[in-house]
**Q** 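Got a structure for you, written out below as structure tokens; questions coming shortly.
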Amino acid sequence: MTTNEPRPSPRRARLDDVETALAELHRPAPPHLPSAVLRALGLADGYDRLPTPIGTVFVAWNGRGVSWIARAATPGAFEADARSALGRPLAPAPLPTDLRRRLERRLAGDRRARVPLDLRGRTPFERAVLTKALEIPPGEVRPYAWIAAEIGRPKAVRAVGTALARNPVPLVVPCHRVVRADGHLGAYSLGGPETKRRLLAAEGADPDGL
């Protein structure tokens with residue numbers, strides 16, 4: 001049996017496909033999509049727990065990289081502190097598998113494990129200090145004055161100490177490997193000198209011999 005109805009042109013067929021696709025747009029997006037998109041763009045952060053040599057820490061992250069690492073008594077306390085520091089929405093979200101593996105390798109002493117970092121909000125001077133601290137190998141220490149000299153600011157030793165105290169990603173940027181020129185360990189944001197001592201000892205350094 002034949003029909004005399006003309007077949008739709010290729011252009012008409014494409015328009016029909018577009019109209020069909022547009023008709024589907026009324027369907028709601030998956031519940032996870034808005035927050036996932038914001039994280040991917042770096043407009044919001046997720047956070048998750050991560051075991052470390054000094055116990056479990058919370059790690060905030062987004063599509064640009066790791067943005068905040070800290071210890072906290074509760075997820076809510078970490079969330080409040082990180083949201084205040086970062087100025088962005090924050091919500092629980094599993095660390096991406098690849099990022100978690102990179103963090104685990106880095107914390108195990110593998111300097112080849114590249115962990116992307118989101119250092120927005122840091123000044124150029126602070127970025128220079130943190131980048132230089134990344135170069136210190138596990139089991140070794142450097143004085144604050146070494147970083148100051150290496151970044152071309154030899155008189156800014158105190159400012160280097162302040163920048164490291166404001167390090168948003170301790171453990172990844174190993175500010176625990178920076179000590180005072182007289183051999184004393186100095187302060188440490190993740191638990192003070194005793195935590196700093198534990199980290200250095202775990203890496204094979206001799207804190208008491210400094």
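Note that the numbering runs from 1 along the sequence shown for the chain.
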**Q** Check each of V172, T52, L95 against V59 using the side-chain contact (heavy atoms from CB on, under 4.5 Å) test, and report the only one that passes.
**A**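 Running side-chain contact (heavy atoms from CB on, under 4.5 Å) over V172, T52, L95 with V59 returns exactly one hit, L95.
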**Q** So does R83 pair up with E79, basic N to acidic O under 4.0 Å?
**A**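 E79 and R83: salt-bridged.
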**Q** Below 30° counts as parallel, above 60° as perpendicular, anything between as tilted: where do the rings of F58 and F78 land?
**A**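 F58 vs F78 ring planes: parallel.
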**Q** Does the pair W61 and D118 meet the rule for a side chain to side chain contact (heavy atoms under 4.5 Å, CB included), with working shown?
**A** CA-CA 8 Å; W61 59 275; D118 180 2; over 6 Å; no
**Q** Not counting sequence neighbours, which residues clear side-chain contact (heavy atoms from CB on, under 4.5 Å) with E135? List them please.
**A**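 Result, side-chain contact (heavy atoms from CB on, under 4.5 Å) vs E135: K132.
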**Q** Take R153 and V129 through the side chain to side chain contact (heavy atoms under 4.5 Å, CB included) test and state the conclusion after the steps.
**A** CA-CA 10 Å; R153 299 285 297 277; V129 170; over 6 Å; no
**Q** Is the CZ atom of R101 crowded by more than 12 outside heavy atoms at less than 6.0 Å?
**A**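 Atom CZ in R101 is not crowded, with 12 or fewer foreign heavy atoms closer than 6.0 Å.
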**Q** Between CG of D45 and CG of L38, what distance do you get to the nearest 0.5 Å?
**A**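 Interatomic distance, D45 CG to L38 CG, rounded to 0.5 Å: 10.5 Å.
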**Q** With a 4.0 Å cut-off on N to O distance, would you call D110 and R105 a salt bridge?
**A**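 Looking at R105 together with D110, the answer is yes, because their closest N to O distance falls below 4.0 Å.
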**Q** Does one hydrophobic cluster hold both L119 and I136, with members joined at side-chain heavy-atom distances below 4.5 Å?
**A**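 L119 and I136: one cluster.
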**Q** Without swapping roles, check the side chain of R120 against the backbone of G42 for a donor-acceptor pair under 3.5 Å.
**A**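 Judged by distance alone, yes, a pair lies under 3.5 Å.
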**Q** Is E203 close to E140 at the side-chain level, that is, under 4.5 Å between some pair of heavy atoms?
**A**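 The answer is no, as the side chains (C-beta and beyond) never meet within the 4.5 Å cut-off.
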**Q** Considering only heavy atoms from C-beta outward, does the side chain of P168 approach that of R122 to under 4.5 Å?
**A**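 Contact flag for P168/R122 side chains = yes.
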**Q** Are V141 and V157 joined in one hydrophobic group, where the rule is that I, L, V, M, F, W and Y side chains link up if heavy atoms are under 4.5 Å apart?
**A**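 V141 does not cluster with V157.
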**Q** For atom CZ of R142, is the number of surrounding heavy atoms from other residues, nucleotides or ligands below 6.0 Å larger than 12?
**A**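 Result for CZ/R142: enclosed.
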**Q** Transitively linked via ILVMFWY side-chain contacts under 4.5 Å: V179 with Y144?
**A**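 No: no chain of side-chain contacts under 4.5 Å links V179 to Y144.
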**Q** From the options V173, L164, L185, select the one residue that forms a side-chain contact (heavy atoms from CB on, under 4.5 Å) with V178.
**A**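 Among V173, L164, L185, the one that satisfies the side-chain contact (heavy atoms from CB on, under 4.5 Å) with V178 is L164.
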**Q** Strictly below 4.0 Å, N to O, side chains only: are E126 and R166 in salt-bridge contact?
**A**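 Judged by the 4.0 Å cut-off on N to carboxylate O distance, E126 and R166 do form a salt bridge.
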**Q** Shared ILVMFWY cluster between L130 and W68, side chains joined below 4.5 angstrom?
**A**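 No, separate clusters.
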**Q** After noting the C-alpha distance and the side-chain angles of V57 and R49, does the key distance pass the side chain to side chain contact (heavy atoms under 4.5 Å, CB included) rule?
**A** CA-CA 6 Å; V57 300; R49 300 172 188 261; over 6 Å; no
**Q** Could I get the full list of side-chain contact (heavy atoms from CB on, under 4.5 Å) partners for A128, not counting sequence neighbours?
**A**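 For A128 the side-chain contact (heavy atoms from CB on, under 4.5 Å) partners, ignoring immediate neighbours, are I151.
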**Q** Which is it for L50 and I69 under the side chain to side chain contact (heavy atoms under 4.5 Å, CB included) test, yes or no, and what are the steps along the way?
**A** CA-CA 10 Å; L50 184 72; I69 296 176; over 6 Å; no
